[in-house]
Amino acid sequence: MTMKKDIRSLLDLTEADFKRLFERAITLKARHKAGTAERPLAGKTLGLLFEKASTRTRISFEAGMAQLGGTPIYISTKDTQMARNEPIKDTARVLSRYLDVLAIRTYKQSVIEEFAEHSDIPVINALSDLYHPCQVLSDLMTVIEVKGGYEGRQIVWIGDGNNVAHSWINAAAVLGFDLTLACPEGHFPDDKILKNAQEKGRGAIRVITDPIEAVKDADVINTDVWASMGQEEEAETRKKIFVPYQVNAELMKRAPGTAMVLHCLPAHREEEITEEVLEGPASAVWDQAENKMHMHKAILETLLGS
Ligand code: CP
Ligand code: NVA
């Protein structure tokens, strides 16, 4: 028996795991388009235990599981006994008796860790306040498609040092590409995550405050909302602080003409990104969103040992 594998964060994956997932997701996408996909997960069940809203992650996991022949079950946390304080360790053991794999979207990273500890089935982080690992896997898949690879590429993050930024930092630590984050003072990424990555990372990972300096040699420019789920009360204050960090035509002029733009979505037009850039030629956001489904299929196949 092999030990079950969880994806609590990207630090659970080796460089070889990343590469296998990229290769497999690209193959699954091609097979889906050619109409030659197989259904290796027939009889398997994926639970999606979500405490926060989701369009892409939820539907792409559900559709992906269905495409693989398996069955997804969406579980809103508020409709479970967890909402009435049933302990996580009890919920985890019971769900392990019904399901084959469990994806969780929640606030506290500790909820994912506790589920992973007490579940007999693989647990996938489908976004926490700290990380969004599956997002960055599909984002890197998009970089591979558009740029031919991430090695030697300058990847840039503009805006909040948030959950998605943390997963980019973890990815850079394992894969060794250069990552520059431009964030306002007070909204830098978590210091521990950053230091750990800088110590491990083969590529240079740096945080600066100047977005213009950051995009100078960029191959990939990433951004995300200024207020993440759970930060709604800070949204108005953040809107003021983050103004210089908008990805707009002016900023794009400071970047090489070949730079691509990514945004995990949902986007707030004219806040972190302008309509012009989001819908412009540098933007790969719709392919990026599509790729989530194929990456999720690769993840499910891998964790279920198929
Ligand atoms: N990018 C992403 O995770 O989107 P959803 O919140 O719609 O799942
Ligand atoms: N940082 C955002 C990502 C949404 C997919 C949030 O956590 O709300």
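Counting starts at 1 for both ligands and their atoms, in listed order. Just so you know, residue 1 is the first one in the sequence shown, and it goes up from there. What you are looking at is a predicted structure, and each value in this text was computed from that prediction instead of being measured.
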Should one rank Leu127, Thr57, Val225, Asn162 by closest heavy-atom distance to atom 4 (C) of ligand 2, which comes out on top? Leu127
Consider every N or O of Arg58 and every N or O of ligand 1, then say whether any pair is closer than 3.5 Å. no
Are Glu271 and Lys239 within salt-bridge range, i.e. N to O under 4.0 Å? yes
Return a yes/no value for His132: is any of its N or O atoms, backbone included, closer than 3.5 angstrom to an N or O of ligand 2? no
Atom 6 (O) of ligand 1 sits nearest the protein heavy atom Arg105 NH1, 2.9 Å
Suppose I only count heavy atoms of Lys292 and a 4.0 Å limit; which atoms of ligand 1 are within that range? 1 (N), 2 (C), 3 (O)
Side-chain donor-acceptor pair present, Arg105, Thr57, cut-off under 3.5 Å: yes
Distance-only polar pair, side chains of Asp90 and Gln81, donor-acceptor under 3.5 Å: no
Show which atoms of ligand 1 fall inside a sub-4.0 Å distance from at least one heavy-atom site of Thr55. 5 (P), 7 (O), 8 (O)
Looking only at N/O atoms, are Leu265 and ligand 1 under 3.5 Å apart anywhere? yes
Does a side chain donor of either Thr36 or Arg31 reach within less than 3.5 Å of an acceptor in the other side chain? no
Before signing off on this row, confirm whether Pro266 and ligand 1 have an N or O atom pair separated by under 3.5 Å. no
For His132, the ligand 1 atoms whose distance to one of its heavy atoms is below 4.0 Å: 2 (C), 3 (O)
Salt-bridge criterion met for Glu15 and Lys19 (N-O under 4.0 Å): yes
Give me the nearest non-hydrogen protein atom to atom 7 (O) of ligand 2 as residue plus atom name, then the distance to 0.1 Å. Asn163 ND2, 2.8 Å
For the atom pair OG (Ser228) and CD (Glu234), what is the distance rounded to the nearest 0.5 Å? 9.5 Å
Can you establish whether the number of heavy atoms outside Glu233 located under 6.0 Å from its atom CD is more than 12? no
Taking atom types as modelled, find out whether His32 and Lys29 have a side-chain donor-acceptor pair closer than 3.5 angstrom. no
Any atoms of ligand 1 less than 4.0 Å from a non-hydrogen atom of Gln135? List them with their elements. 1 (N), 2 (C), 3 (O)
For Leu265, the atoms of ligand 2 under 4.0 Å from one of its heavy atoms are 5 (C)
Under 4.0 Å to a heavy atom of Cys264 - the qualifying atoms of ligand 1, by number: 1 (N)
Considering non-hydrogen atoms of the protein only, which is the closest contact for atom 4 (O) of ligand 1, and what is the distance? Arg56 NE, 2.9 Å
Does a side chain donor of either Asp139 or Thr142 reach within less than 3.5 Å of an acceptor in the other side chain? no
So which heavy atom in the protein is nearest atom 3 (C) of ligand 2, and how far is it from that ligand atom? Asp224 OD2, 3.6 Å
Of all protein heavy atoms, the one nearest atom 8 (O) of ligand 2 is Met229 N, 2.8 Å
